[in-house]
Amino acid sequence: MTILPYSVNKRDVWNSFVDESKQGTFLFNRNFMDYHADRFFDCSLLVYDDDNEESIGDDSCLLALFPANWVEEEKTVYSHQGLTYGGLLTKTGTTQVEVLAILQKVFMYYRSYLGAKVLVYKSIPYIYSKIPSQEDMYALFRAGAQLHGRSVATVVSVSNPLNMRTLRVRQAKKALEHGFYIERVKESDAACLNEYWNLLENVLMQHHNTRPVHTVEEMELLISRFPKQIRLFVVKNVDAAIVAGTVVFETETVAHVQYIASSAEGRKYGALDLLLRHLCGERYKDKEFVDFGISTERGGYYLNEGLIFQKEGFGGRAVCYDTYRIELETTLLNKMFNFKSGNVSSRRNVKFLDLKMLTESFEPELSRSIQKVINSGWYLLGEENKSFEKRWSEFLGVKHCVLCANGLEALTLILRAYKQLLNWKDSDEIIVPANTYIATILAIREADLTPVLVEPQMSDYNLHAEQCRNAITPNTRAILPVHLYGRVCNMKEIVSLANENNLLVIEDAAQAHGAMYQGKRAGNIGNAAAFSFYPGKNLGALGDAGCVVTNDDQLATIVRMMANYGSAEKYVNECEGINSRTDEIQAAVLNVKLPRLDEDNRHRSMIAERYINGIKNPMIILPSMPAEPTECVWHVFPIRCSERDALQKYLKEAGVQTLIHYPIPPHKQKALADKLNNTSHPLTQRIHDEELSLPISPLITIEEADYIIEQLNRFVI
């Protein structure tokens, strides 16, 4: 069973499933759900019944839908925001046991991926189901759900009505004698809708001190989208003025009456009696039920006797709209469906990083932002660039952010700019860790400077001051610490050593988005820093992108010119530059993703801690947890094993995808053979021979992590 977040490219699949499902009505159609997308953060899910990698996301395997919205401030998922009701939508043949398993998956998904603490679930009343059943009730019981609210609706069974001759006959007759008549408002009649909405708002404010949930503009939009499902009926007097009316939402089995209102004249002469008799006895005689709507107030704690009296006069009886609160506590959720550690992954397919699913988790906002750029007609150096540069610099606490094409060019631009500003010579030296990714070395070489490789400490695989001290020569100009795997180096000692020797500190923060060190973000500790926004980074674009950050005004000015052909003014080139820019679409993507960065990093940290506490195999060397959890954002979770290749093969056979960071160290790369191959770095070589990276991302679930832990603990040679 696989869960995917809803995205706009699944709109037709979603709507088709709603039409075929046991409980679906047009209220779950995306045209209805999306009309108020600006109010809610959609976190709806699609549940697939698949058992192999090839069938993941195959729409023929779609098993269920879960419409929902997310409130970040409350850490709460709501199944019904903007809807009259909400809950799990399933196929007709879905069994009780399957519903239990599905909802366990759904609840754990929200717990793992969003960090949700609570889910509020408003069940779909049985009268709306093609086959009346409520299998989800048992699953809610197993999850420890508590009744959160109960609203009472008054419903007329059309097939079992009271004698229609007795239903409010006297008042309806009075309405006819007074000249009242019924009219269905056409969907194009905006004037009539506005007239009725004014009446409705006045009545609600006068008698209930409230307003309609929908604005008249929203209702006009919904009626235009669903002219066959949403209708407005009004009662008019002899002067053709509206004196009463109601909106009706028509589903397959139920006519749901909403927004009933009557003027003083209408109440005096029985306008609603005339209208509701018409709806029950004539207009909707082919439906199973006419739902007159909620007859309670104050969240279900107050029974409005006036509403009850009027509605029961038509033979109405109570149907409850119940809302449940589920505390998403992992231990309890694990027990919902006979959960046992080690038997938690039905498909045994854990990707290292599912970029497609990660991207879809930012929908529909991501697609809307991209479309906005496309529609703007401005694709380079525009408002999205300006917005992200401002937001990222504020996030880091630095004065300047300059977007460029990628992380490699960000480092190169810093080094070339400082070389120009400080009159560095060709072949001046930059101290750099030997076990970094080759891009760090390439940037130094591209600036015609000399990389001096220094071994890391095995405790955290990072550069430390004591190793740097012995590498300093009269030609040394800077120390370039790399916050490898997302862990910030011991910057206090490195900066102190640099200051003692009049050196710059340039951070390679390409793997450390959001990491903290002694109250500062990575990237705001040295003189300047480079970031990559490669798609797989903690903060990734949908293509290449990068940036330079600094508090140095001069450096920022030179870097910005160098990245734009050496130009600050069009066609005026002040220095030799390159074309290194982030396009507007990538900047828009980063603007969407940035607000979730800290939350995603917390999830990574939680999974990392679970790995460290759970992996007990003596053959595996684990990374240590930093003194402060925020010092590492776990871009990579590196383990070491002397039998690394055998371990990787074993995990692949168990359905766990891993990567090696990195199989060949820079000093052994053919590209640098004539520059670095004569150096010896045994600690770096050992790391590269033994390192294996486990899956860790904002999408890795607790159950997947536990499955990986179990497989690692079983590994033997």
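Just so it is clear, the structure is predicted and the values come from calculations on it, not from any experiment.
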Asker: Looking at Tyr110 versus Trp70, is the centre-to-centre ring distance below 6.0 Å?
Answerer: no
Asker: Parallel, tilted or perpendicular: which describes the rings of Phe66 and Phe107, with under 30° parallel and over 60° perpendicular?
Answerer: perpendicular
Asker: Can a donor-acceptor pair be found between the side chains of Tyr517 and Asn490 at a distance below 3.5 Å?
Answerer: yes
Asker: For atom CD of Glu466, decide whether the heavy atoms of other residues, nucleotides or ligands shown that lie under 6.0 angstrom number more than 12.
Answerer: yes
Asker: Check whether any side-chain N or O of Gln586 sits under 3.5 Å from a backbone N or O of Gly543 as a donor-acceptor pair, and report yes or no.
Answerer: yes
Asker: Around atom CD of Gln467, are there more than 12 heavy atoms of other residues, nucleotides or ligands at under 6.0 Å?
Answerer: yes
Asker: Nearest 0.5 Å, please: how far is SG in Cys401 from CG in Leu396?
Answerer: 7.5 Å
Asker: Output, in order, the C-alpha distance, side-chain angles, deciding distance and verdict of side chain to side chain contact (heavy atoms under 4.5 Å, CB included) for Glu703 and Lys105.
Answerer: CA-CA 10 Å; Glu703 61 173 346; Lys105 273 275 192 181; 2.8 Å; yes
Asker: I'd like to know if the side chain of Asn462 reaches the main chain of Gln457, judged simply by a donor and an acceptor atom lying under 3.5 Å from each other, with no hydrogens or angles considered.
Answerer: no
Asker: Backbone N or O of Ala405 within a donor-acceptor pair of the Ser580 side chain at under 3.5 Å?
Answerer: yes
Asker: Check whether more than 12 heavy atoms from other residues, nucleotides or ligands sit under 6.0 Å from atom NZ of Lys117, and answer yes or no.
Answerer: no
Asker: Give me the atom names and distance for the closest heavy-atom approach of Ala587 to Thr582.
Answerer: N-CG2, 3.9 Å
Asker: With heavy-atom distances below 4.5 Å as the criterion, would you say the side chains of Leu692 and Ile660 are in contact?
Answerer: yes
Asker: Check whether any side-chain N or O of His603 sits under 3.5 Å from a backbone N or O of Ser112 as a donor-acceptor pair, and report yes or no.
Answerer: yes
Asker: Quick one: do the Asn538 and His635 side chains pair a donor with an acceptor below 3.5 Å?
Answerer: yes
Asker: Do Arg391 and Asn591 come close enough that some side-chain heavy atom pair is under 4.5 Å?
Answerer: yes
Asker: Side-chain contact test, heavy atoms from C-beta onward, threshold under 4.5 Å: evaluate it for Asn9 versus Glu360 and give yes or no.
Answerer: yes
Asker: Please check this pair: side chain of Arg610 against backbone of Asp706, looking for a donor-acceptor N/O pair closer than 3.5 Å.
Answerer: no
Asker: Report yes if the side chains of Ile370 and Ser367 come closer than 4.5 Å at any heavy-atom pair, otherwise no.
Answerer: no
Asker: Do the side chains of Tyr418 and Asn527 get nearer than 4.5 Å, heavy atoms only?
Answerer: yes
Asker: Relative to each other, are the rings of Tyr437 and Tyr662 parallel, tilted or perpendicular (30° and 60° limits)?
Answerer: tilted
Asker: Taking atom types as modelled, find out whether Glu631 and Gln518 have a side-chain donor-acceptor pair closer than 3.5 angstrom.
Answerer: no
Asker: Which label fits Phe531 and His513: parallel for a plane angle under 30°, tilted from 30 to 60°, or perpendicular past 60°?
Answerer: tilted
Asker: Quick one: pull up CD1 in Ile414 and CG in Leu480 and give me the separation to the nearest 0.5 Å.
Answerer: 8.0 Å
Asker: Under the criterion side chain to side chain donor-acceptor pair (under 3.5 Å), I'd like the reasoning laid out for Glu507 against His483: C-alpha separation, chi angles, the key distance, then a yes or no.
Answerer: CA-CA 8 Å; Glu507 299 173 72; His483 304 314; 2.8 Å; yes
Asker: Nearest 0.5 Å please: distance from the CD atom of Glu409 over to the SG atom of Cys547.
Answerer: 13.0 Å
Asker: Are any side-chain N or O atoms of Ser496 and backbone N or O atoms of Lys492, one a donor and one an acceptor, separated by less than 3.5 Å?
Answerer: no
Asker: With a 6.0 Å cut-off on ring centres, are Phe362 and Phe41 close enough?
Answerer: no
Asker: Testing the 3.5 Å rule here: is there a donor-acceptor pair between the side chains of Thr450 and Glu429?
Answerer: no
Asker: Ignoring hydrogens and angles, tell me if any N or O in the side chain of Glu691 forms a donor-acceptor pair with the backbone of His688 under 3.5 Å.
Answerer: no
Asker: Walk me through whether Ile3 and Val106 qualify under side chain to side chain contact (heavy atoms under 4.5 Å, CB included).
Answerer: CA-CA 8 Å; Ile3 290 180; Val106 167; 4.2 Å; yes
Asker: Among Val452, Leu415, Leu411, find the one that has a side chain to side chain contact (heavy atoms under 4.5 Å, CB included) with Ile430.
Answerer: Leu415
Asker: Is there a donor-acceptor contact under 3.5 Å linking the side chains of His400 and Thr550?
Answerer: no
Asker: Determine yes or no for a side-chain-to-main-chain donor-acceptor pair under 3.5 angstrom, with Ser361 supplying the side chain and Leu358 the backbone.
Answerer: yes
Asker: Do you know the tightest heavy-atom contact between Val432 and Pro451?
Answerer: CG1-CB, 4.1 Å
Asker: Would you call Arg469-Glu500 a salt bridge at under 4.0 Å N-O?
Answerer: yes
Asker: Over all heavy atoms of both residues, which pair between Trp634 and Ser605 is shortest? Give the atoms and the distance, please.
Answerer: CD1-CA, 3.7 Å
Asker: For the atom pair CD (Glu690) and CD (Glu643), what is the distance rounded to the nearest 0.5 Å?
Answerer: 9.5 Å
Asker: For Arg111 and Thr701, does a side-chain donor sit closer than 3.5 Å to a side-chain acceptor?
Answerer: no
Asker: About how many Å separate CG of Asp583 and CG of Leu403, when rounded to the nearest 0.5 Å?
Answerer: 10.0 Å
Asker: Write down the atom of Ala515, the atom of Val488, and the distance for their closest heavy-atom approach.
Answerer: CB-CG2, 3.5 Å
Asker: Ignoring hydrogens and angles, state whether a donor on the side chain of Thr684 or Glu455 is under 3.5 Å from an acceptor on the partner side chain.
Answerer: yes
Asker: Please report the closest heavy-atom contact between Gly397 and Asn551, naming both atoms and the distance.
Answerer: O-OD1, 4.3 Å
Asker: So, the side chain of Asn613 versus the backbone of Glu609: is there a donor-acceptor pair under 3.5 Å, distance only?
Answerer: yes
Asker: For Trp392 and Phe533, take the angle between the two ring planes, folded into 0 to 90°, and tell me which bin it lands in: parallel under 30, tilted 30 to 60, perpendicular over 60.
Answerer: perpendicular
Asker: Measure the shortest side-chain to side-chain distance between Arg477 and Leu504 over non-hydrogen atoms and say whether it is less than 4.5 angstrom.
Answerer: no
Asker: Can you check whether Thr473's main-chain N or O pairs, donor with acceptor, with Thr476's side chain at less than 3.5 Å?
Answerer: yes
Asker: Decide yes or no for Glu365 and Lys593: does some side-chain heavy atom of the first lie under 4.5 Å from some side-chain heavy atom of the second?
Answerer: no
Asker: Are side-chain heavy atoms of Tyr113 and Pro698 found at a separation under 4.5 Å?
Answerer: no
Asker: Looking at CZ of Phe715 and CG of Asn617, how far apart are the two atoms once the value is rounded to the nearest 0.5 Å?
Answerer: 7.5 Å
Asker: Whether the Ser44 and Asp42 side chains hold a donor-acceptor pair (N or O, under 3.5 Å, no angle test) is what I'd like checked.
Answerer: yes
Asker: Could you report the tightest heavy-atom contact between Leu497 and Cys468, atom names first, then the distance?
Answerer: CD2-CB, 3.7 Å
